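Only this structure's heavy atoms are used, side chains among them; waters, hydrogens and symmetry mates stay out. A quick note: this is a predicted structure, and the numbers were derived from the prediction, not measured.
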Amino acid sequence: MIAWLASDSLAFPAAEEGPPDAPLAAGGDLSTARLLRAYAAGIFPWYNEPPILWWSPDPRMVLAPDELRINRSLAKAMRRLDYTIRFDTAFSAVIHACASPRAGHPGTWIHAEMITAYEELFCRGHAHSVETWQDGVLVGGLYGVALGGAFFGESMFSAASYASKIAFVGLVARLRAVGFTLIDCQVPSDHMASLGARLMPRRDFLHHLRQAIGLGIAAGRWAAAPETSS
């Protein structure tokens, strides 16, 4: 039976004890304190309508920054396309773009309550956006949460060819440069697999997560650090 979270406690059930493909817990809220506690424990929220559902799937899709794979077509696009990568300059625009309906998927799990919660995380230096710009227009990007040396990817969008993948390459370059060791991609997707992400048993993921968080890389706004893809 699913565990219900007490409103007066931030405690979660142990992720190791959760079902592999169903929610670990329900209820609670999306306060900054609860979200950070969840991510540190390998748990994330994902739901369409109340109550809030908390997940810790098994296996977990992850990417070590050193294992990024750039195939021939992506490398060619990075040389050809006149994109600029920026960090943390348009978080609200990125998360709203990620929340927009997509072809074949008219609904979204990134609703107003989620947007408000992650914008608060951004204001406190825990959430970040990676943005792909072309001629001053935002054409792709992603957002996620950083804790220590772990980055938890939440969603990405693309309004131009390769824009989200190029944003991800920019993210990985930045994470590698400052010592991050783990990128959580949450659930399996062909999109992330094409970039080198792989499935990992939950117990191994939680072990690597504890190590990554223990690196103690400080939270805070990322420098915009404009960087062209060419």
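- Between Leu147 and Ala40, the shortest heavy-atom distance links the atoms CD1-N, 3.7 Å.
- Ring-plane geometry between His128 and Trp222 is classed as parallel, the angle between the planes falling under 30 degrees on a 0 to 90 degree scale with a further cut at 60.
- Judged by distance alone, the side chain of Thr89 and the main-chain N or O of Ala224 form no donor-acceptor pair under 3.5 Å.
- One hydrophobic cluster, built from ILVMFWY side chains closer than 4.5 Å, cannot hold both Leu36 and Leu10; they sit in different ones.
- Once rounded to the nearest 0.5 Å, the distance linking CE of Met114 with CD of Glu154 reads 6.0 Å.
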Could you pull out all donor-acceptor pairs under 3.5 Å where a side-chain atom in residues 189-197 meets a protein atom, sequence neighbours excluded?
residue: Ser189; atom: OG; partner: Met192; partner atom: N; Å: 3.1
residue: Ser194; atom: OG; partner: Lys165; partner atom: NZ; Å: 3.2
residue: Ser194; atom: OG; partner: His191; partner atom: O; Å: 2.6

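- What you find for Ile115 and Ala99 is that their closest heavy atoms are CD1-CB, 4.2 Å.
- Here the closest heavy-atom approach between residue Ile183 and residue Val172 is recorded as CD1-CG2, 3.8 Å.
- The environment of CZ in Arg210 is crowded: more than 12 heavy-atom neighbours from other residues, nucleotides or ligands sit within 6.0 Å.
- Considering SG of Cys185 and CZ of Phe151, their distance stands at 10.0 Å, rounded to 0.5 Å.
- Looking at Ser9, its side chain never comes within 3.5 Å of a backbone N or O of Leu5 through a donor-acceptor pair.
- A cation-pi arrangement is absent between Arg221 and Phe87 under the rule of less than 6.0 angstrom and at most 45 degrees off the ring axis.
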For this session: Please test Phe122 against Asp88 for side chain to side chain contact (heavy atoms under 4.5 Å, CB included), starting from the C-alpha separation and ending with a verdict.
Result: CA-CA 8 Å; Phe122 172 72; Asp88 286 357; 3.7 Å; yes
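- Contact record, Ala26 with Ile2: CB-CD1, 3.8 Å, taken as the closest heavy-atom pair.
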Problem set entry | Residues Tyr143, Ser155; criterion side chain to side chain contact (heavy atoms under 4.5 Å, CB included); working and verdict | CA-CA 6 Å; Tyr143 76 95; Ser155 186; 3.7 Å; yes
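- Closest non-hydrogen pair, Ile52 versus Pro45, comes out as CG2-CB, 4.2 Å.
- Rounding to the nearest 0.5 angstrom, the gap separating the CG atom in Leu35 from the CG atom in Asp29 is 8.0 Å.
- The line from OH of Tyr162 to OH of Tyr83 is 10.0 Å long, rounded to the nearest 0.5 Å.
- Shortest non-hydrogen contact noted between Trp46 and Val187 is CZ3-CG1, 4.4 Å.
- One finds the CD1 atom of Ile43 at 11.0 Å from the CZ atom of Arg34 (value rounded to the nearest 0.5 Å).
- Looking only at distances, no side-chain donor or acceptor of Asp184 sits under 3.5 Å from a matching main-chain atom of Val62.
- For Ala93, the side-chain contact (heavy atoms from CB on, under 4.5 Å) criterion is met by Ala90, Leu138, not counting sequence neighbours.
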Exercise. Checking side chain to side chain contact (heavy atoms under 4.5 Å, CB included) for the pair Leu74/Ile166: CA distance, chi angles, key distance, verdict?
Worked result: CA-CA 8 Å; Leu74 177 55; Ile166 289 175; 4.1 Å; yes
Exercise. Run the side chain to side chain contact (heavy atoms under 4.5 Å, CB included) check on Gln211 and His207 step by step: do they pass?
Worked result: CA-CA 7 Å; Gln211 291 184 322; His207 171 72; 3.5 Å; yes
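- A heavy-atom distance below 4.5 Å is not found between the side chains of Phe180 and Leu215.
- Atom OG1 of residue Thr116 and atom OH of residue Tyr118 lie 12.0 Å apart, to the nearest 0.5 angstrom.
- Under a 3.5 Å cut-off, the side chain of Arg202 and the backbone N or O of Ser56 do form a donor-acceptor pair.
- When ring centroids are compared, Phe152 and Tyr39 come within the 6.0 Å threshold.
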